[in-house]
2 protein chains.
Amino acid sequence: MSISVSIVEDDARVRASLARLIDSAPGFRCVSNHSSAEDALKEIPKFKPDVVLMDINLPGINGVECARQLKPQLPATQIIMLTVYQNTEHIFNALAAGATGYMLKQTPPVELLAAIKEVNAGGSPMSGHIARKIVQSFQQPVNDSPEAQSLSPREAEVLDLLAKGFLYKEIAESMKVTYATVHTHIRHIYEKLHVRSRTEAVAKHLNQNRPRRELAAQP
Amino acid sequence: MSISVSIVEDDARVRASLARLIDSAPGFRCVSNHSSAEDALKEIPKFKPDVVLMDINLPGINGVECARQLKPQLPATQIIMLTVYQNTEHIFNALAAGATGYMLKQTPPVELLAAIKEVNAGGSPMSGHIARKIVQSFQQPVNDSPEAQSLSPREAEVLDLLAKGFLYKEIAESMKVTYATVHTHIRHIYEKLHVRSRTEAVAKHLNQNRPRRELAAQP
DNA sequence: GGTGCTATCCCCATAACTGGCGATGGCCGG
DNA sequence: CCGGCCATCGCCAGTTATGGGGATAGCACC
């Protein structure tokens, strides 16, 4: 059975050439193509393609948002974003929106077909530098938070308990010191972190230990 | 200039066959091979290879830990993990430890050479299903936090500002309502979230909106 | 042996938060 | 049309946190 593909791309020439590429390749067929996200959202669910090639930069609703709305309706369909954007924000948003592949438009036709095959086989094709960026997001958050981590061990301990929502007096008990000591530690923490409230400190703390990545931006 | 490769692999036969593969391929040379992480840590820095192929399952220090210690010394060297493990924990730990590629041992020789070339060119080669797992970690964690998300839009808004460390009165201004209203919203939030303090609520909130992934486990 | 940092403790005043009890009006669904 | 939820507002009492001011002791480093 050949792999069915839908295309979402506003540039008529690019759209046509993609369709031609896919239809002429053995094992692939282009079942539909769409010039806008609105059209894609209406039509693609009827075709239930195996794979969707989605441009990001569409007029009106963009490709990321289109993917976000399409994916829940077609969980079995794999979406490959096809774009010129290489910045991490676009990449992460696209993946969070449900895309499973992310290829640059400059990708040669042969590789594009390989990518479609791969995504259909359970993989996640990505252009080389894109993959590298994704992998880098796993790497050490370069946790040199500018000012902060000069916190002493004891202070860090306090902050940790603070983050769990304990009261000063509970922290005091838990650390076997008096309320006053906790108080002092916390004042020092505030100074070092340049914050004015417990919650800010906690937010900073949590963001430091997991600054992985932003949530998908809402359109 | 050919790509220099070091191998870390405890199985002598596998090690030898990898070395043979690399040395016989044009454009690649195997500059060293090591049967243990200890040996690798001592020797590899002398060779400064372009790429290291690293087995995960080593006796003594494992491959992930070896990568973690090696990478800071050789920031320009790319590490490809080469293993049989497909579980997400190993993958994430390896990437967090500084690996830039993650290939399964069953990968055919041609693809392995391609992977070495790709990692050297700034990419991040990964076996298909591995890549998919990584991408999935970006996707919505199906955020059905048990009790919570019955927060009304307005309440969610308040909680968000709360998490940023604003005072009630600042939130009130920002939302164009009175202090009393903020107060009430917050009381409702506390009830719904079953917490007794602002910080607990924030902690719950932050944990909900970004339970992305665990930090790399320390060995 | 002094200087600096950490950890420990104390007091005090102000400001902010928490948690009761209400209350009004709007909107929705039975 | 009533009950339920939401959003808005108010008052009050009690608790907690914040931000000053100290102080002492240990430890390390020069």
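Predicted, not measured: the structure shown is a model, and the values here were computed from it. A, B, ... follow the sequence lines: proteins, then strands. Residue 1 opens every chain.
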Point to revise | Positions of residues 163-171 of chain B (non-hydrogen atom under 4.0 Å from DNA chain C), listed by number | key: B:L167, B:Y168, B:K169

What's touching nucleotides 20-29 of chain D from the protein side, N or O pairs under 3.5 Å?
| residue | atom | partner | partner atom | Å |
| --- | --- | --- | --- | --- |
| D:dG21 | O6 | A:R187 | NH2 | 2.9 |

Practice item. Could you tell me whether A:T178 contacts a base, only the sugar-phosphate backbone, or nothing, with contacts defined as non-hydrogen atoms closer than 4.0 Å? Key: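 Sugar-phosphate, no base atom in range.
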
Give the rounded distance in Å between these two atoms: [atom1] of [X] and [atom2] of [N].
X: A:L161; N: D:dA17; atom1: CG; atom2: P; result: 13 Å
X: B:L159; N: D:dA7; atom1: CG; atom2: P; result: 13 Å
X: A:H188; N: C:dA7; atom1: NE2; atom2: P; result: 10 Å
X: A:H185; N: C:dC10; atom1: NE2; atom2: C1'; result: 14 Å
X: B:Y190; N: C:dG20; atom1: OH; atom2: P; result: 13 Å
X: A:E157; N: C:dT8; atom1: CD; atom2: C1'; result: 14 Å
X: A:R196; N: C:dC17; atom1: CZ; atom2: P; result: 10 Å
X: B:R198; N: D:dT15; atom1: CZ; atom2: C1'; result: 15 Å

Check your understanding: Hey, does the side chain of B:D50 reach the backbone of B:S4 with a donor-acceptor pair shorter than 3.5 angstrom?
Key ->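 Yes.
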
Point to revise | Heavy-atom donor-acceptor pair, B:R198 side chain to A:R198 backbone, under 3.5 Å | key: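 Not at all, since once roles are kept as given, no pair shorter than 3.5 Å links the two residues.
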
Restricting to side chain to side chain donor-acceptor pair (under 3.5 Å), what partner residues turn up for [X], sequence neighbours left out?
X: B:H183; result: none
X: A:K71; result: none
X: A:H185; result: none
X: B:E157; result: B:R154

[X]: what forms a side-chain contact (heavy atoms from CB on, under 4.5 Å) with it, not counting sequence neighbours?
X: A:K164; result: A:D160, A:F166
X: A:A40; result: A:V8, A:H34, A:I44, A:C66
X: B:E200; result: B:V195, B:R196, B:S197

Check your understanding: Among D:dA17, C:dC10, D:dT8, which is the nearest nucleotide to the side chain of B:T181?
Key ->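 The nucleotide sitting nearest to the side chain is D:dT8.
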
Point to revise | Note: B:R15-B:D10 ion pair, threshold 4.0 Å (strictly below) | key: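 Looking at B:R15 and B:D10, the cut-off is not met.
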
Practice item. Would you please say whether a donor-acceptor pair under 3.5 Å links the side chains of A:Q69 and A:E65? Key: yes

Point to revise | Donor-acceptor side-chain pairing of B:S32 and B:S6 below 3.5 angstrom | key: yes

Check your understanding: With sequence neighbours excluded, what pairs up with A:Y85 under the ring-ring contact (aromatic ring centres under 6.0 Å, His included) test?
Key ->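 By the ring-ring contact (aromatic ring centres under 6.0 Å, His included) rule, A:Y85 matches A:H90.
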
Check your understanding: Reckon A:Y179 has a side-chain N or O less than 4.0 Å from the OP1 or OP2 of D:dA17?
Key ->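 Result: yes.
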
Check your understanding: Hey, is the side chain of A:R154 poking within less than 4.0 Å of OP1 or OP2 on C:dT8, counting only N and O atoms?
Key ->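 Checking A:R154 against C:dT8: at least one side-chain N or O falls below 4.0 Å of OP1 or OP2.
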
Exercise for review: Estimate the overall bend of the helix from C:dG1-D:dC30 to C:dG30-D:dC1 from the end axes over five pairs each, rounded to 10 degrees.
Suggested key: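 The end-segment axes of the helix from C:dG1-D:dC30 to C:dG30-D:dC1 are tilted 50° relative to each other.
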
Polar atoms only, N or O, under 3.5 Å: list the protein pairs with nucleotides 24-28 of chain C and their distances.
none

Review point. Is there a side chain to side chain donor-acceptor pair (under 3.5 Å) between B:T181 and B:T178 once you walk through the steps?
Key: CA-CA 5 Å; B:T181 305; B:T178 63; 3.2 Å; yes

